[in-house]
Amino acid sequence: MKYDRIYNFSAGPATMPVEVLEEIAAEVLNYKGSGMGVMEMSHRSKVFQTIVDEAEADLRELMGIPDNYKVLFIQGGATLQFAMIPMNLMKNGVADYIVTGGWSKKAYSEAKKYGKINLVATSEDRNYCYIPDLSDLPISEDADYVYICENETIHGTTYHKLPNTKGKPLVSDQSSMFLSRPCNVSDYGMIYAGVQKNVGPAGMVVAIIREDLIRSDLASKIPTYCRYDTHAENGSMYNTPNCWAIYVCGKVFKYLKSIGGLAEMERRNEEKAAVLYDYLDASKLFYGTVDKQDRSLMNVPFITGDKEKDAEVVAATKAAGFENLKGHKSVGGLRASIYNAMPKEGVEALVAFLKEYEANH
Ligand SMILES: *Cc1c(COP(=O)(O)O)cnc(C)c1O
């Protein structure tokens with residue numbers, strides 16, 4: 001492959017579009033005649049302000065974000081949001097959580113520090129291999145919000161239908177599926193995503209939050225940085241932001257627009273994931289761990305059912321030049337993360353390898 005790159009199936013930080021990396025490489029020493037690179041410029045400069053403004057405008061266009069939602073670029077990863085969400089969104093001190101895997105479980109545990117958290121549904125009984133029926137949940141009357149992780153990166157499940165929150169604002173962690181398909185933003189109170197899974201480099205979260213949920217009457221003990229109103233009032237630049245991540249994500253937004261937007265991205269993702277799932281469904285050696293109707297298009301865990309064999313396959317994939325296929329310890333086996341930037345050829349090459357491995361073992 002060009003530049004001796006390999007097919008990298010990492011769950012995150014993850015593979016990025018070569019076209020974007022090439023553009024960045026060309027601009028690293030001198031961004032558009034400014035005489036300096038983006039890593040070196042003041043975040044208060046005109047040239048950087050244009051980068052932020054374009055990134056936000058392009059994201060708004062890609063997702064069709066309504067005017068009554070703010071777009072915020074915040075540091076601290078998705079993990080800081082596990083705390084910021086309850087700190088900021090709780091008025092009654094009550095929230096309902098749906099736990100469908102490792103990431104929603106972490107968010108749930110963190111939120112418990114801040115109020116009364118109800119577990120209204122979970123798929124823990126079968127190691128999070130499905131999304132429970134969410135059509136008639138025991139939503140608390142005084143719940144400030146309902147929380148989900150829309151794509152569980154470790155367990156490989158996705159919501160193909162959103163829960164019925166009975167009128168409460170829905171808060172969704174979209175980290176490992178952000179921009180993988182069209183999204184009707186007005187179905188949510190807040191969407192957030194750590195960008196290092198499906199968009200750009202590590203160290204930043206994009207938060208899309210309905211304006212009426214952003215409060216200015218929060219307790220004075222909440223750290224200034226951890227308030228959404230701080231970021232909203234200062235155009236995501238209360239302090240020095242992650243300039244580099246904003247710049248690179250902006251490039252990816254433009255790239256997604258250039259290929260035809262999120263509908264085209266979804267078409268490609270479906271086609272690509274089908275290559276792997278069709279193989280797994282036909283295989284006598286491997287099987288996918290997730291119930292078919294809840295499978296993720298982004299993270300595909302699969303196992304042989306024998307831990308030693310799994311380890312042998314992982315080692316063989318590595319020797320053949322496929323990186324980061326070892327499954328997370330809580331599921332075992334293998335996991336192929338096939339985000340937006342993984343080309344279909346990468347999945348085809350992996351499937352060809354697995355087929356041959358199966359034939360020889
Ligand atoms: C990776 C991940 C996180 C944590 O992201 P950090 O940026 O490392 O804090 C949270 N949620 C989901 C769904 C993830 O995939």
Side-chain angles (χ1 to χ4, degrees), residues 1-26 62 151 153 156 158 176-182 195-201 248-249 251-283 285-288 290 295-304 310 313-327 333-361:
M1 234 198 301
K2 210 173 170 188
Y3 307 112
D4 283 334
R5 284 168 64 82
I6 54 162
Y7 291 122
N8 171 14
F9 293 89
S10 170
T15 192
M16 290 184 48
V18 173
E19 294 87 337
V20 168
L21 296 174
E22 282 175 332
E23 270 184 44
I24 292 166
L62 266 178
N151 186 86
T153 322
T158 284
S176 48
M177 60 173 290
F178 193 53
L179 306 180
S180 66
R181 66 186 189 198
V195 297
Q196 78 275 24
K197 305 293 163 69
N198 209 19
V199 187
V248 177
C249 288
K251 290 274 184 205
V252 174
F253 302 155
K254 283 193 196 301
Y255 170 75
L256 289 171
K257 276 172 58 181
S258 79
I259 66 160
L262 300 188
E264 171 60 15
M265 198 65 251
E266 179 182 42
R267 191 195 65 73
R268 292 185 190 187
N269 284 330
E270 279 175 351
E271 195 179 83
K272 186 170 73 187
V275 174
L276 184 50
Y277 283 125
D278 287 351
Y279 165 68
L280 293 175
D281 290 344
S283 170
L285 180 60
F286 302 106
Y287 60 95
V290 173
R295 284 168 163 175
S296 167
L297 293 184
M298 302 277 104
N299 309 99
V300 184
F302 56 99
I303 59 177
T304 63
D310 286 343
V313 183
V314 172
T317 56
K318 207 173 167 64
F322 301 100
E323 277 294 336
N324 293 312
L325 280 158
K326 189 175 189 296
L334 294 89
R335 170 179 51 170
S337 292
I338 51 173
Y339 296 121
N340 283 358
M342 171 60 66
K344 189 179 171 197
E345 296 75 47
V347 179
E348 285 169 343
L350 175 65
V351 165
F353 175 82
L354 294 173
K355 264 186 192 161
E356 196 183 314
Y357 186 92
E358 182 171 356
N360 296 330
H361 290 79

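Residues take their numbers from the sequence shown, with the count starting at 1.
- For the salt bridge (charged side-chain N to carboxylate O under 4.0 Å, His left out) condition, no pair includes a residue of residues 4-15, sequence neighbours left out.
- Closest non-hydrogen pair, V252 versus V199, comes out as CG2-O, 3.3 Å.
- A 4.5 Å side-chain heavy-atom check between Y287 and L280 finds every atom pair outside the cut-off.
- Across F302 and G288, no two heavy atoms sit closer than the pair CB-CA, 4.1 Å.
- Residues P182 and L262 come closest through the heavy atom pair CD-O, 3.5 Å.
- A 4.5 Å side-chain heavy-atom check between F9 and T317 finds every atom pair outside the cut-off.
- Pairing each heavy atom of I303 with each of G333, the nearest pair is CG2-CA, 3.6 Å.
- Contact annotation: the side chain of V248 approaches that of M16 to within less than 4.5 Å [non-hydrogen atoms, C-beta and beyond].
- With a 4.5 Å cut-off on side-chain heavy atoms, M265 and L256 count as touching.
- For the atom pair CZ of R267 and CD1 of I259, the computed distance is 9.0 Å after rounding to the nearest 0.5 Å.
- The environment of K326 atom NZ is sparse: at most 12 non-hydrogen atoms of other residues, nucleotides or ligands sit within 6.0 angstrom.
- Relative ring orientation between F322 and Y7 is described as parallel, the plane-to-plane angle staying below 30° on a 0-90° scale split at 30° and 60°.
- The closest side-chain heavy-atom distance from L21 to Y3 is not below 4.5 Å.
- In this structure, the side chain to side chain donor-acceptor pair (under 3.5 Å) partners of N198, at least two apart in sequence or on a different chain, are N340.
- Between L325 and K318 the shortest side-chain heavy-atom distance does not fall below 4.5 Å.
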**Report entry** Working for side-chain contact (heavy atoms from CB on, under 4.5 Å), residues V313 and L354
**Finding:** CA-CA 8 Å; V313 183; L354 294 173; 4.1 Å; yes
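- For Y339 (side chain) and A11 (main-chain N/O), a donor-acceptor pair under 3.5 Å exists by modelled atom type.
- Panel note: side chain N151, backbone T158; no donor-acceptor pair is recorded below 3.5 Å.
- Inter-residue side-chain proximity for K2 and E22 is flagged as met; some heavy-atom pair is nearer than 4.5 Å.
- Within the 4.5 Å cutoff, the side chain of S296 has no heavy atoms near those of the M177 side chain.
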Query - From CA spacing to verdict: side-chain contact (heavy atoms from CB on, under 4.5 Å), L62, K257 - result: CA-CA 7 Å; L62 266 178; K257 276 172 58 181; 3.8 Å; yes
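- Only one option out of N324, T153, N299, N8 pairs with S337 in a side-chain hydrogen bond (donor to acceptor under 3.5 Å, both in side chains); it is N299.
- Smallest separation of non-hydrogen atoms from E323 and I6: CG-CD1, 2.9 Å.
- Residue pairs meeting the salt bridge (charged side-chain N to carboxylate O under 4.0 Å, His left out) criterion with at least one member in residues 345-358, sequence neighbours excluded, are K344-E348.
- Between the CE atom of M298 and the CZ atom of R335 there is a distance of 13.5 Å, given to the nearest 0.5 Å.
- Between R268 and E271 no salt bridge is recorded (no basic side-chain N to carboxylate O distance below 4.0 Å).
- Here the straight-line distance linking atom NZ of K254 with atom CD of E23 works out to 9.5 Å at 0.5 Å rounding.
- Under a 3.5 Å cut-off, the side chain of S258 and the backbone N or O of Y255 do form a donor-acceptor pair.
- What you find for V290 and P301 is that their closest heavy atoms are CG2-CG, 4.3 Å.
- A side-chain contact (heavy atoms from CB on, under 4.5 Å) with Y279 is found for one member of V347, L350, V351 and no other, namely V351.
- Counting only distance, with no hydrogens or angles, the side chain of N269 and the backbone of S180 share a donor-acceptor pair below 3.5 Å.
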